[in-house]
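Structure first, then comments.
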Amino acid sequence: MQVIETLAEGLKREIKVVIPAKDMEDKMNERLADVKDKIRINGFRPGKVPAAHLKKVYGKSIMAELVNEIVREQPTAILSSRGEKSATQPEIAMTEDKDEADKILSAQQDFEFTLSYEVLPPIELKSVKGIKVTREVIDISDDEVNEQVLKVAESARSYESKTGKAANGDRITMDYVGKVDGEAFEGGTDQGAELVIGSGRFIPGFEDQLIGVKAGEEKTITVTFPADYPAKNLAGKEATFDVTVKDVAAPGKVEINDELASKLGIESADRLKEIVRGQIESQYGSLTRQKLKRQILDQLDEMYKFDTPSSLVDAEYNGIWSQVNNDLAQSGKTFEDEDTTEEKAREEYKTLAERRVRLGLVLSEIGEKAGVEVTEDEMQRAIYDQLRQYPGQEKQILEFFRSQPGAAASIRAPIFEEKVIDHLLTEIDVTDKKVTKEELLAEEEGEAKAETKKAAPKKKAAAKTEAAEAGEGEEAAPKKKAAPKKKASEDSAE
């Protein structure tokens, strides 16, 4: 077998592989000899079929098997012998001419194919001792815990139907149909919808007009959608809602006690407070880590500058661009609405894709050198978390992970990445800084604004892990809704 390098340009490689027809024929004859005693052909005793006849009947099919085995196994062996790692699966090209293919299968012509791929760039790791980061931490006050417990209590508040008029704080159960210019619009109809007057769930003016209604009453409410409403077909337009009130219920008294805790499946009010405190700590801890991680990535980005495989960058960019366009389509917005142009956005996202791929390769190399591994238990827990998100579809999801190697890799990559960050935190200079809740959130809002228009693409596998940019993905604030329950057309606004 001849292995000839025909292209070595930057990270791009092209390899021509030639296997002489004689070698292919020898392999075919060996295969025929191995199976001759097992083949049954009418008119011949087992093991007595002439070699020429076996070759005539089965030669081409065995040669086809050999060809498939070679193109399946040799690329890995060739790259290994060259000491190279391919950024993606190498592309394999061979003749598409039927006559040439027939000659190859008949051992009358050498078998040739070409491998095209990009190599992963060599990365010489640098010392991380110079990386300095600040970890912002806050003390959670009892007042904040009590405030959150009160919200939990209010969400579990009981309501009792009443015969009088609806007042602020009452819960309305209703059917409604929303119309613009007399025509019902998508997402503006619901039945049995519940709304607490004063909760602010609806667009301005809607809830106020429910004050004073009674059970069984029908009422038409007129409102105007905000000019910046995410659904462009509704933004700034006047709409009417034909409302049928099914029930008016007054709120019960909110009390934080063991009875409330029991209603929530918790043993005591003290335990409820402990749980709420833990949730708050987790939320702030996640934000603190997100900001800490960004500092690490920014400094790694400054430390490492090298060419990135275009195949990885293109894949990352395509994921980002697809998400961006989906978000724009669902929200009804344009690039101009985001104070940019498509050309500028493409350039920005391409730069972001390059950064993510570069950081992913660096983190992968750091993790490999540090012996970072993802255990089976960690994988099982991550897959279980996925299953919990899709109740009733557990069987299909498990089958997906079993049948798609890339699916498991996409689960493994973010776990690996976080473990590499954990490793780096033991190596770099970390200084804790006490901050207030307002300072923590205010700084995050500022950073998020600076990163505006950054999409958050899905995780890539192995070396393609993109470090998640530690929060570079933007998450828009929820918009007021025209209906108490979110419709598909409104989901995109968030």
Side-chain angles (χ1 to χ4, degrees), residues 135-162 164 166-173 192-201 207 247-292 375 377-394 414-415 418 422 425 432-442 444-445 471 475 477-478 481 484-486 494:
R135 176 165 48 207
E136 298 177 346
V137 294
I138 66 173
D139 290 327
I140 300 171
S141 67
D142 290 340
D143 288 343
E144 182 170 1
V145 173
N146 291 333
E147 180 183 340
Q148 292 301 318
V149 171
L150 181 60
K151 289 182 179 180
V152 172
E154 288 176 344
S155 68
R157 184 199 295 267
S158 61
Y159 288 83
E160 186 174 347
S161 296
K162 70 177 192 179
N168 196 42
D170 285 350
R171 186 186 67 192
I172 305 294
T173 303
E194 293 184 346
L195 171 67
V196 175
I197 300 176
S199 62
R201 293 178 59 199
E207 296 175 22
D247 182 61
V248 176
K253 186 177 180 181
V254 172
E255 291 182 316
I256 301 174
N257 51 30
D258 290 347
E259 183 180 348
L260 167 67
S262 178
K263 186 186 297 186
L264 296 171
I266 301 171
E267 56 267 31
S268 66
D270 288 341
R271 178 56 182 154
L272 172 60
K273 291 180 180 180
E274 288 178 13
I275 293 172
V276 170
R277 180 179 290 275
Q279 290 173 338
I280 296 173
E281 289 174 346
S282 177
Q283 291 167 358
Y284 289 145
S286 177
L287 182 54
T288 294
R289 182 180 175 88
Q290 187 181 78
K291 296 173 72 174
L292 189 66
T375 67
D377 284 345
E378 289 169 332
M379 284 292 293
Q380 291 297 326
R381 285 197 296 270
I383 292 174
Y384 178 70
D385 287 341
Q386 291 278 324
L387 296 178
R388 289 195 303 174
Q389 296 179 38
Y390 302 96
Q393 302 180 48
E394 292 85 356
I415 301 174
E418 291 304 319
D422 287 337
L425 288 172
D432 286 347
K433 176 186 175 183
K434 284 286 185 71
V435 298
T436 65
K437 170 187 173 182
E438 290 70 26
E439 287 172 331
L440 181 66
L441 297 177
E444 178 60 16
E445 287 170 1
E475 184 174 354
K481 299 182 285 184
K485 293 184 180 178
K486 288 177 67 63
E494 298 190 21

*Hey, is the main chain of Asp432 close enough, under 3.5 Å, to the side chain of Arg135 for a donor-acceptor pair?*
no
*Tell me, do Asn146 and Ile256 make a side-chain contact under 4.5 Å, heavy atoms counted?*
no
_Applying the salt bridge (Lys or Arg N to Asp or Glu O under 4.0 Å) criterion to Glu136, which one of Lys291, Lys433, Lys437, Lys434 satisfies it?_
Lys291
*Can you tell me how far the OG atom of Ser262 sits from the CD atom of Glu267, to the nearest 0.5 Å?*
10.0 Å
*asked:* Working to the nearest 0.5 angstrom, can you tell me the gap between Leu287 CG and Leu440 CG?
replied: 4.0 Å
*asked:* Restricting to non-hydrogen atoms, name the atom on Ala250 and the atom on Lys162 that form the minimum distance, rounded to 0.1 Å.
replied: CB-CD, 4.0 Å
*asked:* Looking at Gln283, is its backbone amide N or carbonyl O close enough to the side chain of Ser286 to form a donor-acceptor pair, meaning the two atoms are under 3.5 Å apart?
replied: no
_N-O pairing of Asp258 and Arg271 below 4.0 Å_ = no
_Over all atoms of both residues, closest heavy-atom pair of Ala269 and Ala261_ = N-CB, 3.7 Å
_Verdict with reasoning, Arg171 to Arg157, per side chain to side chain contact (heavy atoms under 4.5 Å, CB included)_ = CA-CA 11 Å; Arg171 186 186 67 192; Arg157 184 199 295 267; over 6 Å; no
*Drop me the distance from Glu147's CD to Ser141's OG, to the nearest 0.5 angstrom.*
8.5 Å
_Interatomic distance, Gln148 atom CD to Ile140 atom CD1 [nearest 0.5 angstrom]_ = 10.0 Å
*Measure the spacing between CD1 of Ile197 and CG of Leu195 and express it to the nearest 0.5 Å.*
7.0 Å
*Taking the side chain as every heavy atom from C-beta outward, state whether Thr375 and Gln380 have any pair of such atoms under 4.5 Å apart.*
no
*Looking at Asp270 and Lys273, does any basic side-chain N land under 4.0 Å from a carboxylate oxygen?*
no
_Are Val276 and Lys151 packed together at the side-chain level, in the sense that at least one heavy-atom pair is separated by less than 4.5 angstrom?_
no
*Evaluate side chain to side chain contact (heavy atoms under 4.5 Å, CB included) for Arg381 paired with Glu378, printing each intermediate quantity in order.*
CA-CA 5 Å; Arg381 285 197 296 270; Glu378 289 169 332; 3.3 Å; yes
*Counting heavy atoms not belonging to Gln389, are there more than 12 under 6.0 Å from its CD?*
yes
_Ignoring hydrogens, what is the shortest heavy-atom contact between Ile280 and Val145? Give both atom names and the distance._
CD1-CA, 4.1 Å
*Audit row: Arg201, Glu207, side chain to side chain contact (heavy atoms under 4.5 Å, CB included) steps and yes/no*: CA-CA 8 Å; Arg201 293 178 59 199; Glu207 296 175 22; 4.1 Å; yes
*Determine whether more than 12 heavy atoms belonging to other residues, nucleotides or ligands lie under 6.0 Å from atom CD of Glu259.*
no
*Looking only at heavy atoms, what is the nearest atom pair of Asp170 and Tyr159, with distance?*
C-CE2, 4.4 Å
_Heavy-atom side-chain proximity of Ser161 to Val248 below 4.5 angstrom_ = no
*asked:* Check whether Glu154 reaches the backbone of Val152 with its side chain - one donor and one acceptor, N or O, closer than 3.5 Å.
replied: no
_Keeping Glu255 on the side-chain end and Leu260 on the backbone end, is there a donor-acceptor pair under 3.5 Å?_
no
